[in-house]
Structures are given as structure tokens and as C-alpha cells.
Amino acid sequence: MDAITVVKGFKDILPEEAFNWQRVEQFARTIFADFGFKEIRVPILEKTELFTRGIGDTTDIVEKEMYTFSDRGTESLTLRPEATASVLRAYIEHNLFSQNAVLRLFTIGPMFRRERPQKGRYRQFHQIDVEVLGSDDPRIDAELMIMLVRFLNGLGLDNLNLDINSLGCSACRSTFREKVIAFLKDTQDDLCEDCRRRLHTNPLRVFDCKNETCGQIIKDAPSILDFICDDCRNHFEKVRSSLESFELPYRINHRMVRGLDYYTRTTFEVTIPQMGSQNAVVGGGRYDGLVRDLGGPDISGIGFAIGFERLMALLPPEQTAVPPAPALFIAALGNQAREVAFRLCNRLRLKGIPTEMDYEGKSLKSQMKKADKLGSRYVLILGDREIETGQGELRDMRSSTQQAVPLDQVENHIIQLEK
Ligand code: AMP
């Protein structure tokens with residue numbers, strides 16, 4: 001019979017990889033806690049309307065990438081393509097805005113987009129998502145970027161580019177939108193089919209188009225930074241001076257408009273030179289109208305999302321570790337010894353000493369081989385004679401020395417030796 005394989009664009013995270021994911025997650029939790037963030041866990045399934053309203057129904061994600069289905073004819077549900085809309089839904093639904101003027105939240109988990117699978121692009125991928133709600137202070141924007149760079153540097157990613165831009169407020173955007181339409185008018189026949197359509201629905205999307213001709217055309221487009229209002233300009237200047245006061249290097253990229261509709265003012269991305277400029281590892285920005293658009297009060301917010309798979313692919317080799325080996329392997333010979341070993345093995349585990357054995361009745365030689373393969377530092381050899389005397393032979397695999405140890409004191413010996 002044919003074996004069933006994983007769904008296209010989906011990926012298993014195998015044990016060694018998962019071990020490293022856990023370490024990175026743990027590191028994120030530690031750094032985020034230093035900056036006052038708390039974890040929130042939200043469902044992966046939401047009402048479709050949350051995303052059409054939240055992300056914008058003329059974005060690529062909503063137009064063609066969502067996993068949407070009818071829940072047995074009752075309502076339309078969608079596997080979340082990003083986390084911000086869900087976090088904000090929970091924020092509004094549970095009145096979290098009444099708790100604290102500024103609330104810092106993070107969540108880690110899978111997202112789903114039906115994109116064309118390729119290297120670094122999956123249909124189920126994972127994000128570390130961070131949101132700050134309740135303030136439009138530009139120092140909050142800088143603070144987020146300081147935390148992000150601290151996190152990435154701590155993982156050994158020193159050579160990174162932080163690109164920032166301002167998309168202004170909705171008033172600046174509509175002026176800019178007209179300028180972009182006017183700019184693209186003469187060249188519209190050369191644009192790809194998607195961009196020709198976007199010109200009427202969402203012209204700023206042309207900036208994100210991966211098509212080479214569109215990329216060439218948009219290169220000479222006007223800069224949004226020439227059209228933002230005084231308030232937005234002051235906000236952007238303050239973000240910049242706050243980054244500079246912290247000596248955080250950044251580049252201004254006025255063509256970075258980001259793929260989601262809700263962004264206002266500051267947007268930012270982190271790229272790593274060896275990845276190629278198309279592939280940001282982190283994307284984020286401010287979304288001052290989104291809480292209101294989702295039915296909540298008029299509260300500002302800003303956030304970013306780190307792509308977990310891309311982050312893991314970039315980690316330098318010294319940052320990858322192998323899961324710890326068992327401290328002890330019990331090599332038991334004969335049925336009676338295996339019974340004693342079974343009890344001993346689980347007794348040690350209950351005391352917090354990682355211990356392994358096997359139940360297959362293999363020869364001593366092959367059990368020693370297995371212990372070696374597992375990387376176990378100690379092996380306890382148990383045969384009929386050892387059961388009779390109540391003492392096992394404890395072998396240190398590193399020094400190849402051996403000593404007799406009473407079976408009721410194995411844990412004390414291991415603890416002593418490990419000190
Ligand atoms: P976005 O939510 O589109 O701003 O993406 C934020 C980050 O998530 C990106 O910078 C990527 O690192 C990651 N990401 C987005 N889409 C995918 C995907 N299809 N596969 C893997 N990672 C992704």
C-alpha cells in the first residue's frame with residue numbers, strides 16, 4: 001500500500017529540529033519578558049470576516065491565499081494567515097484595553113497561506129508575533145526594533161539590515177495613491193496582469209510585485225516620504241532619532257510598503273544579506289486604525305512577525321545544538337535482569353535522571369553499541385550474577401573504567417559522578 005505523505009507546502013519539524021526551535025522560543029520568551037511582554041494564545045481558526053476586514057480584501061493574502069471553508073454550511077471559517085487580526089480580536093473581545101494603558105503581547109504558532117511553495121516559503125509556516133497596543137508614541141516603535149535586534153543578535157545574527165519607512169496616515173496615503181496611479185498610467189500596459197488590476201483596486205501593491213518588469217517600473221516611482229503630512233513626518237523623525245540615540249543602524253527604504261493594508265506610519269523589515277532582498281525574515285509596522293476597524297475603541301498599535309522557518313535556516317552552525325543524550329543506559333542480559341532494569345530505569349527517570357534501556361534481548365555488544373550511539377555517558381551492566389549480588393557494573397564510557405555499584409544506590413552514584 002502507498003504511504004500517505006504530508007500535504008504540499010506543509011512540513012514536519014523532526015525531533016532534532018524541534019529541539020532547536022524550542023531553544024529559540026525559550027530565548028524569545030526571555031528577551032521579550034525583559035521588555036515587558038506577556039504571552040497570549042489565540043485559536044488558529046477564525047471567522048473569515050476577521051481577515052477580510054482586518055487584512056484588507058484587495059491584498060494577495062485575502063484575494064488568493066487563505067484556507068477558507070464553510071463549517072458544514074453554518075459559517076465561513078479561515079485558518080489564520082497571520083496573527084495580528086486574531087490578537088486584536090481577543091484584545092477587543094476581552095476588553096484588555098481596560099487593564100493597562102500599554103499592553104505588550106506576543107504569540108508563537110502556525111500560520112497558513114496558500115502560496116506557491118518554494119525554498120523559504122511554505123503553506124503552513126510559523127511566526128513569532130509581537131504586538132504593542134495602546135500607544136502611538138514613536139519611542140514604542142524604536143523600542144520594538146531595539147528588542148528585535150537584541151533577539152536576532154543574541155542568536156548570532158549580527159549581519160542584518162533593518163529597513164524602515166513611513167506610510168503616513170490615511171490622508172497622506174490617499175494623496176500618495178493618486179501620485180502612484182498618475183505615475184503608472186503611461187506604463188500600465190507593461191505591468192503584469194495582477195498589477196494592471198491593482199492599479200484600480202490597490203495601487204500600492206505594485207511596490208510588492210515580484211514580477212521583474214513591474215519591479216523595474218516601480219523603481220522610479222515617487223517616494224511616499226515626499227507626501228507625508230507634518231504630523232507623520234515628525235513621528236518618523238522621532239522614530240529615527242530614538243533609534244540613533246541607541247546607535248541602532250537602519251536604512252530608509254521608501255519603496256517598502258508591506259503586503260497588508262492595515263499599516264500606517266512606521267513600517268520595518270529585517271533582511272539578512274545572504275538571503276536575497278526578496279526574503280525578509282521579519283516584517284512589521286504600525287496599525288493605528290485597525291483596532292477601531294475591527295470594532296474596538298480607537299487605540300493605536302504596532303507589531304512585527306518573525307518567520308520561524310527563515311530564522312532557523314539562518315542560524316549559524318554554533319547556534320544549533322543536538323538534544324541531550326541520556327545520562328545512563330542500562331544494558332540488561334536475560335529476562336530476570338530486564339525486569340530489574342525496567343524498574344530501575346523508570347525509578348531513575350522519576351528522579352530526573354534521563355535513562356534508557358531496550359527490551360529486545362540483544363547481546364551485550366549490541367547494547368553497548370546502542371548506548372554509544374545514543375551518546376550515553378554511563379552504562380550499567382546487569383546480568384544474572386549482578387542480580388544475585390545486588391550490584392551492577394557501572395561503566396564510564398568516556399574513561400572506559402568500571403566499578404561495582406549497589407543497585408539501590410545507582411542514582412546517588414550518577415549524581416555524584418555528574419557533579
Ligand atoms: P508577513 O506576515 O507577510 O509580514 O510576514 C512576516 C514574516 O513571516 C516574513 O518576513 C517571513 O519571514 C515569514 N513568512 C511569511 N510568509 C511565509 C511563508 N509562506 N513561508 C515561510 N515564511 C513566511
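Both ligands and their constituent atoms are indexed starting at 1 by order of listing. Each residue takes its place number in the sequence, starting with 1. Scope of the values below: all heavy atoms of this structure, side chains included, with no hydrogens, waters or symmetry mates.
Ligand 1 has no N or O atom lying under 3.5 Å from any N or O atom of Ala305, backbone or side chain. Between Glu309 and ligand 1, no N or O atom pair is found at a separation short of 3.5 Å.
Side-chain atoms of Asp141 and Thr266 form a donor-acceptor pair, as typed in the model, at a separation below 3.5 Å. No side-chain donor from either of Glu131 and Tyr91 sits under 3.5 Å from a side-chain acceptor of the other.
The pair Glu411-Lys351 meets the salt-bridge criterion, since a charged nitrogen lies less than 4.0 angstrom from a carboxylate oxygen.
The heavy-atom pair separating Arg113 from Pro81 by the smallest distance is NE-O, 2.8 Å. Minimum interatomic distance between Asn20 and Thr320 (heavy atoms only, all atoms of both residues): OD1-CA, 3.5 Å.
Ligand-side atoms of ligand 1 in range of Val282: 10 (O), range being under 4.0 angstrom from any heavy atom. For ligand 1, the atoms closer than 4.0 angstrom to any heavy atom of Arg113 are 1 (P), 2 (O), 3 (O), 15 (C), 16 (N). Listed by number with element, the atoms of ligand 1 under 4.0 Å from a non-hydrogen atom of Ala280 are 9 (C), 10 (O), 11 (C), 12 (O). Atom numbering of ligand 1 starts at 1 in the shown order; those under 4.0 Å from a heavy atom of Gly120 are 20 (N), 21 (C), 22 (N).
Nearest protein heavy-atom contact of atom 4 (O) of ligand 1 is Arg258 NH2, 2.5 Å. The protein heavy-atom contact nearest to atom 13 (C) of ligand 1 is Gly307 CA, 3.5 Å. Nearest to atom 6 (C) of ligand 1 among the protein's heavy atoms is Gln127 NE2, 3.4 Å. Among all non-hydrogen protein atoms, the one lying nearest atom 19 (N) of ligand 1 is Glu115 OE2, 2.6 Å.
Note on ligand 1: Arg310 sits in its first shell, one or more heavy atoms being nearer than 4.0 Å. Ligand 1 does not have Glu82 within reach: every non-hydrogen atom of the residue lies 4.0 Å or more from it.
For Glu360, the side-chain hydrogen bond (donor to acceptor under 3.5 Å, both in side chains) partners two or more places apart in sequence, or in a different chain, are Lys362.
Between Phe176 and Phe227, the ring planes are tilted. Angles from 30° to 60° get that label. In this structure, Phe151 and Phe27 have parallel ring planes: the angle between them is below the 30° cut-off, well short of the 60° mark.
The option from Phe112, Tyr122, Phe125 that lies nearest to atom 14 (N) of ligand 1, judged by heavy atoms, is Phe125.
Between Arg286 and the options Val239, Leu167, Thr267, Ile140, a side chain to side chain contact (heavy atoms under 4.5 Å, CB included) holds for only Ile140.
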